[in-house]
Asks: 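This is the structure, below, for whatever I ask next.
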There are 2 protein chains.
Amino acid sequence: MAESARPTSRDVARQAGVSQATVSLVLGGKWRGRVSERTAEAVRQAAGELDYRPNLAARSLRLGRTRTALLVVPALTHEYFARVYAGAARVAEENGFGVVLYPSPEGIGPARDPFGSARAAIDGVIASSMAADALAGIGDGGLPLVMLDSGPGAPDGPPTVDLAVADGIRQVVRHLLGLGHRTITHIASDVDTWTFRIRAQTVREELAGVPGVLLRTERCALDVEPARQAAVRALSAPGPRPTALLCDGDVLAAGACKAARALGLAVPHELSVSGFDDLSLALAVDPELTSVRLPAEEVGAQGMRALLALLSGRPVPPCELPVTLVARGSTAPAP
Amino acid sequence: MAESARPTSRDVARQAGVSQATVSLVLGGKWRGRVSERTAEAVRQAAGELDYRPNLAARSLRLGRTRTALLVVPALTHEYFARVYAGAARVAEENGFGVVLYPSPEGIGPARDPFGSARAAIDGVIASSMAADALAGIGDGGLPLVMLDSGPGAPDGPPTVDLAVADGIRQVVRHLLGLGHRTITHIASDVDTWTFRIRAQTVREELAGVPGVLLRTERCALDVEPARQAAVRALSAPGPRPTALLCDGDVLAAGACKAARALGLAVPHELSVSGFDDLSLALAVDPELTSVRLPAEEVGAQGMRALLALLSGRPVPPCELPVTLVARGSTAPAP
DNA sequence: TCCGGGAAGTTGTACGTATAACGTGACGGT
DNA sequence: ACCGTCACGTTATACGTACAACTTCCCGGA
């Protein structure tokens, strides 16, 4: 009981009266036809009594694989990425894998390098919402790579998991058009990643052919205060005042609502505001935000499944997950 | 270039014309007086040319230490814990350590066990906001343990890092009293951890001796909707209606604000609402929340420093970090 | 001349695991 | 009686590293 050193497979072997190799066979699961049921049971019991846990460092060294994936996200304080992590971690755990995080707005590569100092021997990388060049030398650097929220890649490139962002934007646009809005300002993120480029592009495309529509754009950083300022600009710009602000995220929408109230405009009756992401924030503000629900956990889960498939050499079809508009109190018929 | 196998210290040795041991000495940093500067430089250059990275599994196996810490948090989607992680990860990286996360509302122990399936060989554990029994058999199980946000422990128990939560609550209470509020309802979390027990206790203590004060309590789960319902109960309870809701967190405060608006009460002029934690949410809602700023990153950073000290046998004094009230638009003089 | 001793490396080994390669009886067919 | 086969294990080895112990060379003092 006072033996502080952790038991090894050799200790288990001694206890069970067999060789270390037999312990490894039994506990490794591949003993069919190599070890009798009686011996196997004795080994399992000995392992239980000693509370044996295999030394993962030794196993990794022997196998050359670590059963650990690296998840690169721009920032963990954004709820979306915390949920992506949760999904990835769940699938990983189900498969005996671990996930180590690397939050970095700039991605990884020669400059920011999680492999040297930040350590962690890695079997593969899952990267979310990264610019293509933020992963320089990873995909082709021999390390399996899966990309999330980065758009459909080349067929021979890394596997991808994407959200139907364009479809989500289309739903928002049609929702606003259906409510009679014709003067709309897009409060857009200034982050240059696929997900935001496709949002801007889809907004333009969907409103292009509609008669009588006036679309403008205000770009700002992904935070409440910049969004508030952008919304103030949008609402005090010359020309007809927008009746709806289509925001690239719930955080931006919250900022837009603050601006509206400061300017004496009632949301939603004088100004409709739509969000995106459907974070818990959407239900925390008043009125609740019309938003687009993203299956964040599922993105992480599918990303991990893709990586596992990649590691076992199975083919990985690209994957696009559906999103759904959730209409709430922040949007209403145009005045 | 086409050699996909990663170079080992032996490859570096061959390239530099020395033995593997010399490479290890030089790259390990402890070569003063054992290896000439010229040879050392040759080794470093060879390592650079081959882009050599030590195999961490082998190093861990050899040293018996993994230079990895486990951070246990109740939930990663709560911004506070994401920030704690960020602080811990920063200090870890500065010291060549890694951090692996284990989000679990129930803590770890025989039941939920991150060491078997969830893998990750660990040198120590940092646990945040855990009930004492949620860590059964870790601290005394031979694994170094640091506890965050769990209150001052026994002098011979695990090191602790705490926030001056009681002081924060005192500041809030005095702020509300100073604004003339005398009928106050405490919207309290129903989570039974030290941080919430101390909040409830401090609210009672601070208001106990004040003449004319009527304190009531509504308890609810840590989410917007439960908080909204609790606030509705508080505001429609028999007896004098509270002029202030003192909430255990910003999330609860957001729910309280929704309730107020639904009942036609203007915040802050007819009802003051105070939050806690000072999450980004505090600035996202309207009006901005009066809250208590917690140095979350610093909690994580100090926790990691404490663990590092513990691992090198240095004494670890308990640590309490100050918090500050941030008065904003959600509190105003009592009507 | 001989020896002590330090500088500069090298040789050898162990960490704990997974698995390839190799026994070793027993049994059964011819 | 002899050999092949099968069931059940065991022995030996390699993974890449860090470090203890050992060698080698050279220089200075007696």
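Note that these values count all heavy atoms, side chains included, but never hydrogens, waters or copies made by symmetry. Chain letters run A, B, ... following the sequence lines, proteins first and then strands; every chain starts at 1.
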Asks: Starting at CZ of A/R32 and ending at P of D/dC8, how long is that distance when rounded to a whole Å?
Replies: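 Rounded to the whole Å, the gap is 13 Å.
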Asks: Heavy atoms under 4.0 Å, any strand shown: does B/S24 hit a base, just sugar-phosphate, or nothing?
Replies: base
Asks: Name the nucleic acid region contacted by A/R34, choosing base, sugar-phosphate or nothing; use a 4.0 angstrom heavy-atom cut-off, strictly under.
Replies: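 The residue A/R34 makes base contact.
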Asks: Identify, with sequence neighbours excluded, every residue that meets side-chain contact (heavy atoms from CB on, under 4.5 Å) alongside B/D11.
Replies: B/P7, B/T8, B/R14, B/L50
Asks: Determine: side-chain N/O of B/S9 to OP1/OP2 of D/dG16, distance under 4.0 Å, yes or no.
Replies: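 B/S9 to D/dG16 OP1/OP2: no side-chain N or O under 4.0 Å.
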Asks: Between atom CG in A/D11 and atom C1' in C/dT17, what is the gap in whole Å?
Replies: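 Distance check: A/D11 CG to C/dT17 C1' gives 13 Å.
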Asks: Figure out the CG/C1' separation between B/N55 and C/dG16, and round it to whole Å.
Replies: 14 Å
Asks: If the cut-off is 4.0 Å, is A/S60 near the phosphate of D/dC15, judged by side-chain N/O to OP1 or OP2?
Replies: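 Looking at the OP1 and OP2 atoms of D/dC15, neither is under 4.0 Å from any side-chain N or O of A/S60.
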Asks: Just by distance, with hydrogens left out, do A/Q45 and A/E41 show a side-chain donor and acceptor under 3.5 Å apart?
Replies: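 Not at all, the side chains of A/Q45 and A/E41 share no donor-acceptor pair under 3.5 Å.
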Asks: Give the nucleotide from the list C/dC15, C/dT10, C/dT19 with an atom nearest to the side chain of B/L61.
Replies: C/dC15
Asks: Classify A/S36 by what it touches in the nucleic acid, base, sugar-phosphate, or nothing, heavy-atom distance under 4.0 Å.
Replies: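 Counting heavy atoms under 4.0 Å across all strands, the contact made by A/S36 is with sugar-phosphate only.
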Asks: Using the side-chain heavy atoms of A/Y52, tell me which of these nucleotides is nearest: C/dG9, C/dT17, D/dG9.
Replies: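 Out of C/dG9, C/dT17, D/dG9, the nucleotide with an atom closest to A/Y52's side chain is C/dT17.
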Asks: At under 4.0 Å between heavy atoms, what does A/L63 touch on the DNA or RNA strands: base, sugar-phosphate, or nothing?
Replies: sugar-phosphate
Asks: Can you tell me how far C1' of D/dT10 sits from CZ of A/R14, to the nearest Å?
Replies: 16 Å
Asks: Is it true that the side chains of A/T66 and A/D123 contain a donor and an acceptor less than 3.5 Å apart?
Replies: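 Their side chains do contain a donor-acceptor pair, which is all the 3.5 Å distance test asks for.
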Asks: In whole Å, I'd like the distance from the CZ atom of B/R10 to the P atom of C/dG12.
Replies: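 To the nearest whole Å, that distance equals 12 Å.
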Asks: What nucleotide, of C/dG12, D/dG16, D/dG9, holds the atom closest to the side chain of B/Q20?
Replies: C/dG12
Asks: Any luck finding a side-chain donor-acceptor pair between A/S36 and A/R38 under 3.5 Å?
Replies: no
Asks: Establish, with yes or no, whether the OP1 or OP2 oxygen of C/dG16 is under 4.0 angstrom from a side-chain nitrogen or oxygen of A/T8.
Replies: no
Asks: Indicate yes or no: does A/R305 engage A/E298 in a salt bridge with an N to O separation below 4.0 Å.
Replies: yes
Asks: Are OP1 or OP2 of C/dG9 and a side-chain N or O of B/T39 less than 4.0 angstrom apart?
Replies: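 Answer yes for this pair, as a side-chain N or O of B/T39 is under 4.0 Å from OP1 or OP2.
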Asks: Salt bridge check, B/E37 against B/R44: does any charged N sit closer than 4.0 Å to a carboxylate O?
Replies: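 Counted as a salt bridge, because a side-chain N and a carboxylate O are separated by less than 4.0 Å.
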Asks: Nearest whole Å is fine: how far is D/dC19 P from B/W31 CH2?
Replies: 16 Å
Asks: Please give, in whole Å, the distance from D/dT17 C1' to B/K30 NZ?
Replies: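 Those two atoms, NZ and C1', are 13 Å apart.
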Asks: Checking contacts here: which listed nucleotide (D/dT17, D/dG9, D/dT11) is nearest the side-chain heavy atoms of A/V35?
Replies: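 Taking heavy atoms from C-beta onward, the closest nucleotide is D/dG9.
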Asks: Measure from the side-chain heavy atoms of A/A58 and tell me the nearest of C/dT19, C/dT10, C/dT17.
Replies: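 Closest nucleotide to the A/A58 side chain: C/dT17.
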Asks: Tell me the interatomic distance from A/L25, atom CG, to C/dA21, atom C1', rounded to whole angstroms.
Replies: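 Answer to the nearest Å: 13 Å.
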